[in-house]
Number of protein chains: 2
Amino acid sequence: MDKALQQEIDQLHAEICQCLADPRRISILYALSDGPKNVGALMESVGMDRPTASRHLKVLRERSMVRTERDGVSIYYSLADDRVIQALDLLRAVLAELLAKRSALAEALE
Amino acid sequence: MDKALQQEIDQLHAEICQCLADPRRISILYALSDGPKNVGALMESVGMDRPTASRHLKVLRERSMVRTERDGVSIYYSLADDRVIQALDLLRAVLAELLAKRSALAEALE
DNA sequence: TTCATATGTCCGCTTTCACGTATATATTAA
DNA sequence: TTAATATATACGTGAAAGCGGACATATGAA
C-alpha cells in the first residue's frame, strides 16, 4: 500500500485508540454497554463531576464512538459500535493474564 | 465490585490502550505481527529514526506489549500477545465503517 | 416570559507526551 | 584493549490533554 496513505490510516486508527486511553472514558463505555444513559446517570455510575463528564463525552462523540439522542431536556448517550467493547474486552483479558503472571511471580518469592 | 478496585483496573486498562494510541506504535505492532524483527528492520519498515523507534519500543516494553530477545549485537522484538492485534483489527474495522459512511455522505452531496 | 433543570463550554493551571540532537551503553571482532 | 556496530537514554522544547470552578445554552413547565 502507498506509504503516505498507510500513515494516514494509522493516524486515524490511533485517534480511535486515543479515545480508549483514559480510565474515565473506559468506565463510560462499559457503563453504556448496559444500554443508553443520560449524562446524570453516567456521572453517577462513573463518579465524575459535570465538566469532566462533558469533556470526555465530547471526545467520544467527536470520534463517533458514541451516539446521542435528545429526549426532552435529557440527552441519552449510547454506544455507536459494540466492537469497541469487544476490543476493550480483549485488551482486558491481556491485562488479566499479565497480572496473573505477576501474581505467580510474587508467590514464588515467598 | 469495589469502586476503588474498579478504578485501579480501569487505570491499568487505560495504560494498555495508551500504548496503542500512537500511529508509530500501531505501525510497529503490525510490523511485528509478521514475526520478530530487530530495531533496524523496524526502523526500515516503519520509517522512523532510531531515537523515535527506541522511545516507542520502550513504551511497548514497559507495558509488556512486546518481548525482547538479544541475539549477539541485535535485539529482536516480538509481540507478547496476539490478542492485541485482534483488538486493533476490530477497531480498524470500526474505523473502516465510519469512513465508508462518510464517503457515502460525500457522494450523496454531489 | 420567567424559572428550573439538564447539558455544554471557557478559563487558567498543571501534567504528560512526542520530537530531534547529542550522548551513553553493550556486544563482538580485531 | 580498541574500534565498530546496534541499541538505549538524557535533555530541552513545544504541543496536547486533563482538571475543577465559573459561566453559557437549551428545553420544558408555570
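A, B, ... follow the sequence lines: proteins, then strands. Residue 1 opens every chain. Note: hydrogens, waters and symmetry copies are ignored here, and every other heavy atom, side chains too, is used. Given the structure is predicted, the values throughout are model-derived calculations rather than measurements.
Look at His56(A) and you'll find a side-chain N or O under 4.0 angstrom from OP1 or OP2 of dC19(D). Considering only side-chain N and O atoms, Arg50(A) lies nowhere under 4.0 angstrom from the phosphate OP1 or OP2 of dG21(D). One finds a side-chain N or O of Arg24(B) lying less than 4.0 angstrom from the OP1 or OP2 phosphate oxygen of dC19(C).
Rounded to an integer number of Å, the gap from NZ of Lys37(A) to P of dA6(C) is 17 Å. Atom-to-atom, OH of Tyr76(B) to P of dA26(C) comes out at 21 Å; the value is rounded to the nearest Å. The distance between atom CD1 of Ile75(B) and atom P of dT28(C), rounded to the nearest whole Å, is 11 Å. When the C1' atom of dG21(D) is taken as reference, atom CE of Met48(A) falls 17 Å away, rounded to whole Å. Distance Glu62(A) CD to dA17(D) C1': 13 Å, rounded to the nearest Å. Rounding to whole angstrom units, CZ of residue Arg55(B) and P of dA22(C) are separated by 15 Å. Taking atom CE of Met43(A) as the reference point, atom P of dG8(C) lies 11 Å away to the nearest angstrom. Regarding Asp71(B), its CG atom lies at a distance of 14 Å from the C1' atom of dA26(C), rounded to whole Å.
The side chain of Pro51(A) has dG21(D) as its nearest neighbour among dT7(D), dT9(D), dG21(D). Among the nucleotides dT9(C), dG8(C), dT7(D), the one closest to any side-chain atom of Asn38(B) is dT7(D). Side-chain proximity of Arg61(A) to the nucleotides dT9(C), dA8(D), dT7(D) is greatest for dT9(C). Checking dT9(C), dA18(C), dG18(D) against the side-chain heavy atoms of Arg25(B) singles out dA18(C) as nearest.
Using modelled atom types and a 3.5 Å distance limit, the side chains of Thr52(A) and Asp49(A) yield a donor-acceptor pair. A side-chain N or O of Glu15(B) and one of Gln11(B) form a donor-acceptor pair less than 3.5 Å apart.
Across all strands, Val39(B) comes closer than 4.0 Å only to sugar-phosphate atoms, never to a base (heavy-atom distances). Using a 4.0 Å heavy-atom cutoff across all strands shown, Tyr77(A) reaches sugar-phosphate atoms only and no base atom. Counting non-hydrogen atoms under 4.0 angstrom, Ser54(A) reaches a base of the nucleic acid.
Between Arg83(A) and Asp81(A) a salt bridge is recorded (basic side-chain N to carboxylate O distance below 4.0 Å). A salt bridge links Asp10(A) to Arg92(B): one of the charged nitrogens lies within less than 4.0 Å of a carboxylate oxygen.
Between Ile75(B) and Leu57(B) the shortest side-chain heavy-atom distance does not fall below 4.5 Å.
Looking at which nucleotide of DNA chain D each of Thr52(A) and Gly72(A) is closest to, the 5′-most match is held by Thr52(A). Heavy-atom nearest nucleotides on DNA chain D were determined for Asp49(A) and for Arg70(A), and the one closer to the 5' end corresponds to Asp49(A).
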